[in-house]
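Report on one structure; see the data block that follows.
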Amino acid sequence: MRALTIRQPWASAIAHGTKRTENRSWPAPTKHIGTRILVHAAAAEDRTPRVSDDVPRQLTDGIGVWPDTRSAIIAVATLTGCHFDKGVSCCAPWGMENFFHWELADVAALPEPVPTKGALGFWTPPEDVVNAVCVQQTGVAW
């Protein structure tokens, strides 16, 4: 099982909101498309959040009330696809132009975040972390 570290508030927007597109400068590994992944909230906050003017206010209003968990696995999701946006404004309202859009589905927030250090890129969490995630009932098949 692989994990993706995402800075706050975007990790919580995935876990607790409607964000189902993660913007990256690199493509998702094709061998992981269709697999369950762990959503890891980074220790650091995104100091330069770039919410598009196209993002309706009701989508970002929850940012202030969502849990601001750091350095922990906070959700599981299915990585359903990845494509590059060449300025056609696909994946609105969360997709950014000129980035790879990692498409997520079946997102389930964990009842209890699992603390762990993250890493750059797409990484493999320690076995005890994966086990701690698996024992929580997410209601979604692994």
Side-chain angles (χ1 to χ4, degrees), residues 1-56 59-142:
M1 176 155 308
R2 305 288 276 187
L4 185 65
T5 297
I6 302 168
R7 290 186 177 184
Q8 291 289 26
W10 313 123
S12 284
I14 292 168
H16 304 286
T18 61
K19 187 173 190 286
R20 297 297 180 263
T21 302
E22 173 58 12
N23 300 291
R24 293 283 155 158
S25 60
W26 47 283
T30 56
K31 69 181 181 178
H32 294 293
I33 302 294
T35 66
R36 298 292 281 166
I37 66 168
L38 305 179
V39 176
H40 178 264
E45 180 176 31
D46 187 350
R47 292 186 297 263
T48 57
R50 296 174 296 275
V51 176
S52 164
D53 291 336
D54 296 331
V55 176
L59 295 181
T60 58
D61 279 347
I63 286 177
V65 297
W66 294 330
D68 188 24
T69 304
R70 307 289 176 100
S71 296
I73 304 295
I74 63 170
V76 294
T78 301
L79 178 60
T80 59
C82 180
H83 63 275
F84 187 75
D85 179 348
K86 296 181 183 176
V88 295
S89 297
C90 66
C91 299
W94 295 105
M96 294 172 53
E97 293 181 4
N98 298 313
F99 280 85
F100 286 95
H101 294 173
W102 291 38
E103 302 163 31
L104 304 172
D106 305 320
V107 176
L110 294 178
E112 293 295 326
V114 178
T116 189
K117 286 187 176 185
L120 293 175
F122 208 34
W123 53 281
T124 303
E127 185 176 340
D128 63 320
V129 170
V130 174
N131 289 338
V133 170
C134 289
V135 298
Q136 297 191 46
Q137 298 300 315
T138 62
V140 180
W142 292 83

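When every heavy atom of T21 is checked against every heavy atom of G95, the shortest pair comes out as CG2-CA, 4.0 Å. Listed here is the closest heavy atom pair of E103 and C82: OE2-N, 3.9 Å. Closest approach of Q8 to P67, counting heavy atoms only: NE2-O, 3.9 Å. Here the closest non-hydrogen pair linking A15 and I74 is CB-CD1, 3.7 Å. A11 approaches H40 most closely through the heavy-atom pair CB-O, 4.4 Å. T5 and G118 make their closest contact through OG1-CA, 3.6 Å (heavy atoms, listed as atom of the first residue, atom of the second, distance).
No side-chain heavy atom of P113 sits less than 4.5 Å from a side-chain heavy atom of I73. A 4.5 Å side-chain heavy-atom check between V133 and V76 finds at least one atom pair inside the cut-off. A heavy-atom distance below 4.5 Å is found between the side chains of W94 and W10.
The stretch residues 9-29 participates, sequence neighbours left out, in these salt bridge (charged side-chain N to carboxylate O under 4.0 Å, His left out) pairs: K19-E22, E22-R24. The list of salt bridge (charged side-chain N to carboxylate O under 4.0 Å, His left out) pairs with a residue in residues 108-128, not counting sequence neighbours, is empty. Each salt bridge (charged side-chain N to carboxylate O under 4.0 Å, His left out) pair with one or both residues in residues 69-88, not counting sequence neighbours, appears once here: D68-R70.
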Run the side-chain contact (heavy atoms from CB on, under 4.5 Å) test on T80 and L104 for me, step by step, so that the C-alpha distance in whole Å, both residues' side-chain angles and the decisive distance to 0.1 Å come before the verdict.
CA-CA 6 Å; T80 59; L104 304 172; 6.0 Å; no

When you look at H101 and H83, which way does the side-chain contact (heavy atoms from CB on, under 4.5 Å) test go after all the steps?
CA-CA 5 Å; H101 294 173; H83 63 275; 3.4 Å; yes

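Qualifying side-chain contact (heavy atoms from CB on, under 4.5 Å) partners for A132, counting only residues two or more places apart in sequence or in other chains: V114. Every side-chain hydrogen bond (donor to acceptor under 3.5 Å, both in side chains) that E97 has, sequence neighbours left out, goes to S89. Residues passing the side-chain contact (heavy atoms from CB on, under 4.5 Å) test with S71 are A43, sequence neighbours excluded. Remark: T124 engages R2 in a side-chain contact (heavy atoms from CB on, under 4.5 Å) (not counting sequence neighbours). Residues satisfying the side-chain hydrogen bond (donor to acceptor under 3.5 Å, both in side chains) criterion with T116, sequence neighbours excluded, are absent altogether. Residues passing the side-chain contact (heavy atoms from CB on, under 4.5 Å) test with P29 are W26, H32, W102, F122, sequence neighbours excluded.
Once rounded to the nearest 0.5 Å, the distance linking CG of L79 with CD1 of I33 reads 4.0 Å. Atoms CG and CD1, from D46 and I6 in turn, are 11.5 Å apart once rounded to the nearest 0.5 Å. Of the inter-residue distances, the one linking S25 atom OG with M96 atom CE reads 10.5 Å to the nearest 0.5 angstrom. To the nearest 0.5 Å, atoms SG (C134) and CE (M1) are separated by 5.5 Å.
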